[in-house]
Protein chains: 2
Amino acid sequence: MENELINKKGQTEQQFLEEYSKTKSQYEAPYVTTDNLIFTIGDDEAGNGKRLMLLLIKREDHPYINQWALPGGFIDIKENLEATAERELAEETAVTGIYLEQLYTFGDVGRDPRHRIISASYMALVNSKNMKVAAGDDAKDAKWFNVDSRIIEEKKTFTEKGFNKERLIKISLNNGSEEAHGIIKTTKIVENGRTKKITREIVEKQNIAFDHAMIIEYGLQRLRNKIDYTDIIFNLLDEKFTWSELKTVYELIKGEKRYKDANFRRKFEDMIIETDEKAPVGGGKKGNRPPKLCMFNTDWEE
Amino acid sequence: MENELINKKGQTEQQFLEEYSKTKSQYEAPYVTTDNLIFTIGDDEAGNGKRLMLLLIKREDHPYINQWALPGGFIDIKENLEATAERELAEETAVTGIYLEQLYTFGDVGRDPRHRIISASYMALVNSKNMKVAAGDDAKDAKWFNVDSRIIEEKKTFTEKGFNKERLIKISLNNGSEEAHGIIKTTKIVENGRTKKITREIVEKQNIAFDHAMIIEYGLQRLRNKIDYTDIIFNLLDEKFTWSELKTVYELIKGEKRYKDANFRRKFEDMIIETDEKAPVGGGKKGNRPPKLCMFNTDWEE
DNA sequence: GCAAAAGTGTTAATGTTACACCCATGC
DNA sequence: GCATGGGTGTAACATTAACACTTTTGC
């Protein structure tokens with residue numbers, strides 16, 4: 001039925017599409033890539049226990065040669081956008097079928113000096129035990145970096161019609177031998193009692209390629225927020241875990257100790273089922289009570 | 001300093017970029033567009049008071065001829081992604097400098113039968129008083145539609161490793177004379193106690209072009225969520241408004257009366273400053289107490 | 001006066017936080 | 001027994017919700 005509709009030229013849809021496929025496009029299309037933020041919980045190289053870690057790849061050519069970049073790559077013309085992210089993730093970590101979420105699409109002119117590139121960023125949370133191949137094994141120089149972000153400045157400037165609010169956020173990355181960092185400025189412009197615009201820009205960076213510091217900052221914010229109202233944290237844990245492991249991972253992501261033990265349990269109690277199993281006793285020099293193993297309660301509703 | 005680094009071919013960055021610009025690209029790039037969700041509060045054509053409304057444009061050619069689509073268009077190679085959304089918005093509504101937020105990037109193969117198109121969606125909230133040109137004035141057949149979405153089915157299916165949760169959401173659009181709708185299925189796949197994947201697909205649609213029903217559904221969800229923890233609702237109101245106007249708009253977006261009057265005030269009291277002015281008495285047949293005019297409190301912190 | 005809509009106050013229920021305490025274990 | 005980390009109970013406080021009430025206006 002739909003195909004019997006004709007346009008102003010008197011074409012059916014089929015005729016239209018046939019003609020369309022023959023015309024050579026004038027349109028200069030940007031390239032499209034995905035950039036993946038792959039987070040895991042790993043051991044700090046300096047031996048300070050567990051840390052939130054991010055996978056980065058060392059660039060082997062210009063531009064930004066020898067600097068660190070997010071893994072990612074070009075979309076194939078016959079591949080769904082999310083499939084590109086999944087493929088890139090599988091190529092880097094040999095992990096499939098894990099949590100993957102689209103974050104934001106970065107599309108400023110000049111993001112890449114070679115070509116106009118629009119990049120959709122995705123966030124993946126992988127449990128290191130599920131990772132079949134550790135990053136860094138293959139030819140590409142891929143490494144896990146400790147990630148950290150913190151606000152270093154907040155400023156409010158008054159304008160005629162309202163005010164601007166700026167915030168400087170520093171992203172720090174290190175893996176024992178290598179160090180990289182970037183400072184992102186977010187600006188919120190308020191005029192006539194309304195938020196007009198929120199912008200993000202990189203004001204300083206070292207050893208991080210492209211605008212990837214901005215993507216990392218965005219992803220960390222999303223992760224920190226979502227952890228409080230979704231079940232994504234369990235993607236970073238083993239299937240069975242103890243309360244203290246959960247709390248440790250929570251605090252690594254949040255970057256602070258927000259809850260006392262008892263209250264932390266109450267916060268997560270609906271999301272968790274305690275099993276009868278006990279984890280082997282670990283830390284205490286004089287022994288201690290073995291903790292129960294817990295599982296995510298899949299009946300939990302957000 | 002950075003430019004003095006040389007790659008394996010012995011090139012500086014400048015030499016590399018020069019060579020790069022001469023090579024003809026093999027890469028078949030998808031097209032990139034933005035699609036705008038432009039919401040406003042307007043009067044129902046049927047005379048049932050205020051409604052949440054969305055701007056749609058009638059397609060004048062194949063594919064989906066005569067069906068309704070979101071306004072949007074192709075990115076220019078020299079234009080930032082957000083600038084494309086701003087330009088399209090200005091073209092449709094002659095409104096500039098208003099709230100605009102990136103939602104999600106849709107990039108499935110086959111979204112458009114003509115070509116591979118990746119589309120970044122943006123949401124704009126406009127106050128009808130700020131709109132200089134009403135939609136529908138120009139050559140293009142653009143119209144405001146009442147929007148509504150509601151869950152029509154929820155289903156949980158158990159699998160070997162876990163379960164799937166499906167939800168059917170119906171998007172209804174109408175403007176008195178025209179009607180359109182779509183049904184979106186969201187599926188959450190849970191395996192081994194972990195959320196593996198969340199997918200969205202269109203299971204039925206009428207009179208809505210492309211995958212735009214899915215974009216609308218996504219945008220409505222975002223709007224409904226953000227209204228509770230940000231100040232975006234004030235973009236839909238005049239600079240000065242009454243408590244009951246605020247509550248009406250809130251309920252239109254939420255699609256339900258969630259709060260009693262007194263409690264609604266408490267919920268928003270930090271975000272609002274009451275002025276000494278009073279709005280003219282409106283509805284009551286025997287007259288009534290005139291309401292105070294309020295403004296958004298720009299000192300409010302989310 | 002009185003209907004209509006604006007606006008306030010009071011109490012109950014619920015959720016959050018701090019803090020003190022008990023428990024099971026290995027040395 | 002005692003240090004160590006696991007785990008629980010309770011009271012104070014803050015937030016939310018329900019509901020009954022007072023206020024200001026125009027006719």
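Side chains are part of it too, since the values below use all heavy atoms of this structure and drop only hydrogens, waters and symmetry mates. So that the names make sense, note that chain A is the first sequence line, chain B the second, and so on, each numbered from 1. Computed from a predicted structure; not experimentally measured.
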- [ ] Apply side chain to side chain contact (heavy atoms under 4.5 Å, CB included) to A/Asp270 and list each qualifying residue two or more places apart in sequence or on a separate chain.
- [x] A/Trp300
Open item on the list: Rounding to an integer number of Å, can you tell me how far B/Leu246 CG sits from C/dA6 P?
Closed with: 12 Å
Task: Pairs flagged by ring pair (Phe, Tyr, Trp, His ring centres under 6.0 Å) wherever residues 227-247 of chain B is involved - sequence neighbours left out - done: B/Phe234-B/Phe241, B/Phe234-B/Phe296
Would you list the protein and nucleotides 14-18 of chain D atom pairs, both N or O, that sit under 3.5 Å from each other?
unit_1 : atom_1 : unit_2   : atom_2 : d
D/dA17 : OP1    : B/Arg258 : NH2    : 3.2
D/dA17 : N7     : B/Asn263 : OD1    : 3.3
D/dA18 : N7     : B/Asn263 : OD1    : 3.4
D/dA18 : N7     : B/Asn263 : ND2    : 3.0
D/dA18 : N6     : B/Arg266 : NH2    : 2.9

TODO: For A/Asp44, enumerate each residue passing the side chain to side chain contact (heavy atoms under 4.5 Å, CB included) test, keeping only those at least two apart in sequence or located in another chain.
DONE: A/Ala46, A/Asn48, A/Arg51, A/Asn146
TODO: Could you state the atom-to-atom distance from CD of A/Glu256 to P of C/dT17 in whole Å?
DONE: 11 Å
Task: Residues within residues 221-228 of chain B bordering DNA chain D, heavy-atom distance below 4.0 Å - done: none
Task: Interatomic distance where CG belongs to A/Asp261 and P belongs to D/dG6 [whole Å] - done: 8 Å
Open item on the list: Whole angstroms only, please: what is the CD-C1' distance between A/Glu245 and D/dG6?
Closed with: 13 Å
- [ ] For A/Arg265 and C/dT16, give me the distance from atom CZ to atom P, rounded to whole Å.
- [x] 17 Å
Open item on the list: What contact category does A/Lys267 fall into here, base, sugar-phosphate, or nothing, at under 4.0 angstrom with non-hydrogen atoms?
Closed with: nothing
- [ ] Using a cut-off of strictly less than 4.0 Å, decide whether A/Ser244 has a side-chain nitrogen or oxygen near OP1 or OP2 of D/dG5.
- [x] no
Open item on the list: Nearest whole Å is fine: how far is D/dT8 C1' from A/Phe268 CZ?
Closed with: 19 Å
Task: Rounded distance in Å - CD (A/Glu274) to C1' (D/dG6) - done: 11 Å
TODO: Measure the angle between the two terminal helix axes of the helix from C/dG1-D/dC27 to C/dC27-D/dG1, five base pairs each, and quote it to 10°.
DONE: 20°
TODO: May I ask you to say whether B/Lys226 pairs ionically with B/Asp231, meaning some side-chain N is under 4.0 Å from a carboxylate O?
DONE: no
Open item on the list: Can you confirm whether the side chains of A/Asn225 and A/Arg222 place a donor and an acceptor under 3.5 Å from each other?
Closed with: no
TODO: Measure from CD on A/Glu269 to P on C/dT16 and round the result to the nearest Å.
DONE: 10 Å
Task: Which nucleotide in D/dG6, C/dG7, C/dA24 has an atom nearest any side-chain atom of B/Arg289 - done: C/dG7
Open item on the list: Please pick, from D/dG7, C/dA5, C/dT8, the nucleotide with the shortest atom-to-atom distance to any side-chain atom of B/Asn288.
Closed with: C/dA5
- [ ] Could you tell me whether B/Glu277 and B/Lys240 make a salt bridge, using a distance below 4.0 angstrom between a side-chain N and a carboxylate O?
- [x] yes
Task: With sequence neighbours excluded, residues passing side chain to side chain donor-acceptor pair (under 3.5 Å) with A/Glu217 - done: A/Arg200, A/Gln221
Open item on the list: Going by the rule ring pair (Phe, Tyr, Trp, His ring centres under 6.0 Å), which residues pair with B/Phe145 if we only count those two or more places apart in sequence or in a different chain?
Closed with: B/Trp68
Task: Counterpart residues, side chain to side chain donor-acceptor pair (under 3.5 Å), relative to A/Glu301 (two or more places apart) - done: B/Lys165
Task: Which residues share a side chain to side chain donor-acceptor pair (under 3.5 Å) with A/Lys161, sequence neighbours left out - done: none
- [ ] For B/Lys254, enumerate each residue passing the salt bridge (Lys or Arg N to Asp or Glu O under 4.0 Å) test, keeping only those at least two apart in sequence or located in another chain.
- [x] B/Asp228
Open item on the list: Holding to side chain to side chain donor-acceptor pair (under 3.5 Å), I want the full list of residues that pass it with A/Arg167, two or more places apart in sequence or in another chain.
Closed with: A/Glu154
